[in-house]
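Quick notes on the structure that follows.
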Amino acid sequence: MTSASNHPETIGLHGGQYRKDPATNSVAVPIYQTTSYQFDDTEHAQKLFALQELGNIYTRIMNPTTQVLEERVAALEGGAAALAVASGSSAVVLAIQNIASAGDNIVVSPHLYGGTYNLFTNTLKNMGIEVRFADPENPESFRELSDSKTRAYFGETLPNPKLVPFPIEEVAAIGHALGIPLIVDNTAAPITCRPFDHGAAIIVHSLTKYIGGHGTSIGGVIIDSGKFDWVANPSQQPLFNTPDGSYHGAIWGELIPEVLGAPIAYAVRARVVLLRDLGAALSPTNAFNIIQGLETLALRFREQQENAAKLVEFLTSHPAVKNVIYPGLFKEGQKALAQKYLTRGFGALIGIELAGGLEAGKAFINQLKLFYHVANIGDSRSLAIHPASTTHSQLSEEDQLKAGATSGYVRLSIGIEHIDDIILDIEQALDQGAPDVKIVA
Ligand code: PLP
């Protein structure tokens with residue numbers, strides 16, 4: 001009922017089919033910590049395996065706790081179906097493997113989470129999938145790099161360190177005409193960006209970040225908009241238009257709408273083929289943990305965004321800060337992108353460039369008392385990292401600059417602590433002269 005609501009505050013608590021547990025009437029979602037499910041009889045089992053009837057078979061492929069998470073996240077993004085998986089990284093790779101095979105290519109933005117960049121430049125290449133880097137400042141470059149073997153486009157909504165939103169609508173429109181779906185990683189901009197509203201076909205999230213929000217559980221999700229037409233350009237999407245020998249010769253693009261009554265061929269194939277074969281399942285307990293986070297996501301993210309905006313005001317007037325990178329401060333074309341795609345706030349990530357360069361960056365991090373020094377974003381706690389001495393330390397200075405991580409760049413992921421405490425910690429770390437400040441009693 002509430003999945004029709006457009007309000008993320010309500011969807012986080014009630015979205016999807018779940019109202020109460022059908023077996024026990026439990027309001028909180030129970031943890032179904034089971035591997036398998038008893039079939040009623042052989043006919044029942046046969047129908048489940050043939051996809052003539054939907055139901056639980058084995059937790060590698062589906063689980064009732066995980067299903068609630070999937071339906072809620074799908075509702076949050078306005079999608080038709082979702083598949084939860086073991087991590088954000090598995091969500092990214094499975095989202096691509098569900099469309100592309102050896103000999104195919106994908107066209108992507110180079111502004112990516114480091115793990116995804118590695119996946120694209122090394123592991124996908126080793127699997128025979130070519131990755132072509134386009135320039136999101138020139139969406140037409142996606143078209144120019146496409147050919148008959150291009151299976152997908154890929155970009156991150158709010159990639160750090162530059163934090164310039166990806167031109168979703170422009171790239172999706174190019175792909176739509178060519179039969180190429182756009183996959184968007186929306187991990188850094190839940191709620192404030194709704195990529196399906198701008199034409200994206202598929203969304204992935206690392207649930208580990210804002211959605212889980214408490215730093216306890218790794219997880220990922222792939223969401224199918226249900227709007228991409230997989231059969232309109234059959235030669236462009238062979239995995240959906242040729243018989244699948246691993247599933248009784250099913251042609252996914254044709255069979256599924258008739259069987260399921262919804263155009264979710266992509267989500268179904270990812271589940272019954274890729275989870276079956278590659279096995280990156282989310283554990284039911286982690287699904288439960290992430291549901292607890294999802295229930296307060298809208299509340300937390302609102303506070304995180306407000307804290308970030310207030311901290312930006314402080315940072316822009318501090319003499320040790322040479323530059324503040326934050327979508328709310330962008331000018332001209334970048335401002336237009338931020339206003340178009342970040343409709344409910346400018347996110348909770350901030351980049352600062354310290355006037356003192358590398359040494360200032362290290363000293364700042366070492367002086368922090370409240371912020372955690374971790375390679376993570378999206379926790380309820382405030383987090384900081386200095387890429388030049390950590391995540392980007394193996395890159396040449398030139399490549400660091402290309403990535404947007406200058407030697408004095410520090411990434412801040414703002415949490416839900418009181419804003420006065422956040423500012424106090426940043427201030428004492430920037431000033432380097434107040435080692436006796438106690439942020440927490
Ligand atoms: N996508 C983005 C934007 C990320 O920041 C991350 C992790 O930092 C991932 C994907 C991978 O997620 P996970 O760590 O859950 O595998």
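Start at 1 and go down the list; that is how both ligands and their atoms are numbered. These figures come from a predicted structure and were not determined experimentally.
D147 and T150 form a side-chain donor-acceptor contact under 3.5 Å, judged by distance and modelled atom types alone. Side-chain atoms of Y113 and S89 form no donor-acceptor pair, as typed in the model, at a separation below 3.5 Å. A donor atom on one side chain and an acceptor atom on the other are not found under 3.5 Å apart for T285 and S283.
Between F240 and W230, the ring planes lie parallel to each other; the angle is under 30°, not in the 30° to 60° tilted range.
Near S89, the atoms of ligand 1 lying under 4.0 angstrom from a non-hydrogen atom of the residue are 11 (C), 12 (O), 13 (P), 16 (O). Listed by number with element, the atoms of ligand 1 under 4.0 Å from a non-hydrogen atom of T208 are 13 (P), 15 (O). Residue-ligand proximity, G219 to ligand 1, at heavy-atom distances under 4.0 Å covers atoms 15 (O).
In this structure, K209 is part of the shell of residues with a heavy atom less than 4.0 angstrom from ligand 1.
Atom 4 (C) of ligand 1 has its closest protein heavy atom at Y113 CG, 3.5 Å.
On a distance-only criterion, G88 and ligand 1 share at least one N/O pair closer than 3.5 Å.
Nearest residue to atom 2 (C) of ligand 1 from D185, N376, V85 is D185 (criterion: closest heavy atom). Taking each of S206, G378, S413 in turn, the one with a heavy atom nearest to atom 12 (O) of ligand 1 proves to be S206.
Smallest separation of non-hydrogen atoms from Y210 and L297: O-CD1, 3.3 Å.
Residues V374 and I385 are not in side-chain contact: their nearest non-hydrogen atoms beyond the backbone lie 4.5 Å or more apart.
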